Amino acid sequence: MLSSTLLSYSGSYPQPGEISLAHNGVLFLDEMPEFKRTVLEVMRQPLEDREVTISRARFTVNYPASFMLVASMNPSPSGFFPDDPGNTSSVYEMQRYMNKLSGPLLDRIDIHIEVQKVEFEQLAEKRKGEKSSDIRERVLKARSIQNERYKDLNISYNAQMGPKEIEAFCSLDETSLQLIKLAMEKLNLSARAYDRILKVARTAADLEGSGNILSHHISEAIQYRSLDREFWNV
């Protein structure tokens, strides 16, 4: 079974599965809603605890599973946006497709964004983007900041922060507090999503070289949770 492959066992004899094999690396799931929902739900505990626990009558085994989950999906089973003339999926089919991803699973994903269709004019334009070398340099500086911040703790980067670290390193001014409060109420976000927003905002601040999390960092982190929550089974 695929759920067994994602976890870390095979029959009666535990073996590292895809999640554990992705430890300290990336686990990429293409066409995420094509997986059975029960299979996807298997990842909730590893994403939270960064380990896999397999319990059997005779033994319990723990495998490390600190991985970065990257996943992609189409906006509908037919591959088109709901308002696209080429879309052949009914509202029911689209809802069923979206509901493969539960609210609790989405809460455990730091960033999920909708990528809009690229028009021909955008493809053909000559404008150049930021150089990869410049982006790499900025990321390395942010990682250096995090290494220094957590040098006396048992973590290495922002995503690993627990409640104590969030309280210590993610303090907000009044403007930022009101902004995230409004987002929580409007988007009906959970407490877990709140923590995710703070972690992403802390990273945005690090990338900018800012010691404090400012309102535009909070705004950026909120935008990275831009999927329409009303269309999801939350």
Side-chain angles (χ1 to χ4, degrees), residues 26 47-48 50 66 68-73 75 81 98 101-118 122 127-232 234:
V26 175
L47 284 171
E48 192 75 19
R50 300 186 180 278
S66 181
M68 179 185 292
L69 174 64
V70 179
S72 66
M73 60 180 291
F81 284 95
M98 292 289 193
L101 309 184
S102 69
L105 178 58
L106 280 175
D107 279 344
R108 289 166 169 81
I109 300 176
D110 293 345
I111 297 174
H112 41 82
I113 58 174
E114 182 177 313
V115 180
Q116 295 295 327
K117 181 171 61 176
V118 180
Q122 294 174 287
R127 185 177 61 181
K128 294 183 179 180
E130 187 177 6
K131 293 182 179 179
S132 298
S133 58
D134 294 339
I135 297 174
R136 181 179 184 273
E137 183 178 352
R138 190 165 68 250
V139 170
L140 290 176
K141 287 182 179 179
R143 286 305 304 269
S144 177
I145 291 172
Q146 293 172 36
N147 288 336
E148 178 64 23
R149 177 185 298 137
Y150 305 125
K151 64 181 180 180
D152 297 324
L153 302 174
N154 192 31
I155 60 176
S156 302
Y157 46 87
N158 293 336
Q160 295 177 321
M161 284 193 293
K164 291 183 179 179
E165 291 78 25
I166 290 175
E167 182 178 358
F169 302 118
C170 298
S171 58
L172 304 179
D173 59 22
E174 186 60 30
T175 302
S176 298
L177 280 172
Q178 291 303 315
L179 183 59
I180 197 170
K181 178 178 182 290
L182 180 63
M184 295 289 292
E185 294 173 349
K186 291 290 186 180
L187 299 177
N188 192 29
L189 299 177
S190 68
R192 185 175 283 109
Y194 172 79
D195 288 346
R196 287 325 199 251
I197 289 173
L198 290 180
K199 292 179 184 181
V200 172
R202 178 67 269 173
T203 300
D206 291 343
L207 288 168
E208 199 176 82
S210 173
N212 298 319
I213 296 177
L214 305 177
S215 59
H216 66 277
H217 301 137
I218 291 292
S219 178
E220 180 180 353
I222 292 170
Q223 290 177 13
Y224 293 148
R225 305 190 71 85
S226 62
L227 292 177
D228 183 5
R229 296 301 296 263
E230 294 181 359
F231 201 64
W232 300 76
V234 297

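Residue numbers count from 1 along this sequence. These figures come from a predicted structure and were not determined experimentally.
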Kindly give the heavy-atom pair with the smallest separation between [X] and [Y], and that separation in Å.
X      : Y      : answer
Ile145 : Asp206 : CD1-O, 3.7 Å
Leu214 : Ser176 : C-OG, 3.4 Å
Phe169 : Ile213 : O-CD1, 4.3 Å
Pro75  : Met98  : O-CE, 3.4 Å
Cys170 : Leu198 : SG-O, 3.9 Å

### Message
For Asp110, give me all partners under salt bridge (charged side-chain N to carboxylate O under 4.0 Å, His left out), at least two apart in sequence or on another chain.
### Response
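Listed in chain order: Arg196.
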
- Query: Taking only residues two or more places apart in sequence, or in another chain, which ones meet Lys151 in a salt bridge (charged side-chain N to carboxylate O under 4.0 Å, His left out)?
  - Reply: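 Glu148.
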
With heavy-atom distances below 4.5 Å as the criterion, would you say the side chains of [X] and [Y] are in contact?
X      : Y      : answer
Leu177 : Asp173 : no
Ile111 : Arg225 : no
Arg136 : Val139 : no
Ile197 : Leu189 : yes
Tyr150 : Met161 : yes
Gln146 : Ser156 : no

Self-check item: Heavy atoms from other residues, nucleotides or ligands near CD of Glu48 exceed 12 (cutoff 6.0 Å)
Solution: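 More than 12 within 6.0 Å, yes.
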
CG (Asn154) with more than 12 external heavy atoms under 6.0 Å: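 Counting neighbours around CG of Asn154, 12 or fewer heavy atoms of other residues, nucleotides or ligands fall under 6.0 Å, so no.
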
Using the side chain to side chain donor-acceptor pair (under 3.5 Å) rule, pick out the option among His217, Lys141, Arg138 that qualifies with Glu208.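 For Glu208, the side chain to side chain donor-acceptor pair (under 3.5 Å) check succeeds only for His217.
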
_Test side chain to side chain donor-acceptor pair (under 3.5 Å) applied to Asn158 and Glu165, Arg149, Arg202, the passing residue_ =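 Passing option: Arg149.
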
Evaluate the criterion side chain to side chain contact (heavy atoms under 4.5 Å, CB included) for residue pair Tyr224 and His112; output intermediate values, then yes/no. CA-CA 6 Å; Tyr224 293 148; His112 41 82; over 6 Å; no

Hey, could you give me the [atom1]/[atom2] distance between [X] and [Y], rounded to the nearest 0.5 Å?
X      : Y      : atom1 : atom2 : answer
Arg192 : Leu47  : CZ    : CG    : 10.0 Å
Ile166 : Asp195 : CD1   : CG    : 4.0 Å
Glu220 : Ile218 : CD    : CD1   : 10.5 Å
Lys186 : Asn188 : NZ    : CG    : 12.0 Å
Asp107 : Ser190 : CG    : OG    : 3.0 Å

#### Entry: Pair Gln160-Lys199, side chain to side chain contact (heavy atoms under 4.5 Å, CB included): steps then yes or no
CA-CA 9 Å; Gln160 295 177 321; Lys199 292 179 184 181; over 6 Å; no

Query raised in the report: side chain to side chain contact (heavy atoms under 4.5 Å, CB included) between Leu172 and Leu179: does it pass, once the steps are laid out?
Result: CA-CA 10 Å; Leu172 304 179; Leu179 183 59; over 6 Å; no

Can a donor-acceptor pair be found, under 3.5 Å and without considering hydrogens, that links the side chain of Asp134 to the backbone of Glu130?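 No: the side chain of Asp134 does not pair with the backbone of Glu130.
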
Quick one: side chain to side chain donor-acceptor pair (under 3.5 Å) partners of Arg50, sequence neighbours excluded?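 Partners of Arg50 by the side chain to side chain donor-acceptor pair (under 3.5 Å) criterion, ordered by chain and then number, come out as Ser66.
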
> Thinking salt bridges, do Lys181 and Glu174 make one under a 4.0 Å N-O criterion?
Replying inline: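 Not counted as a salt bridge, because no side-chain N and carboxylate O are separated by less than 4.0 Å.
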
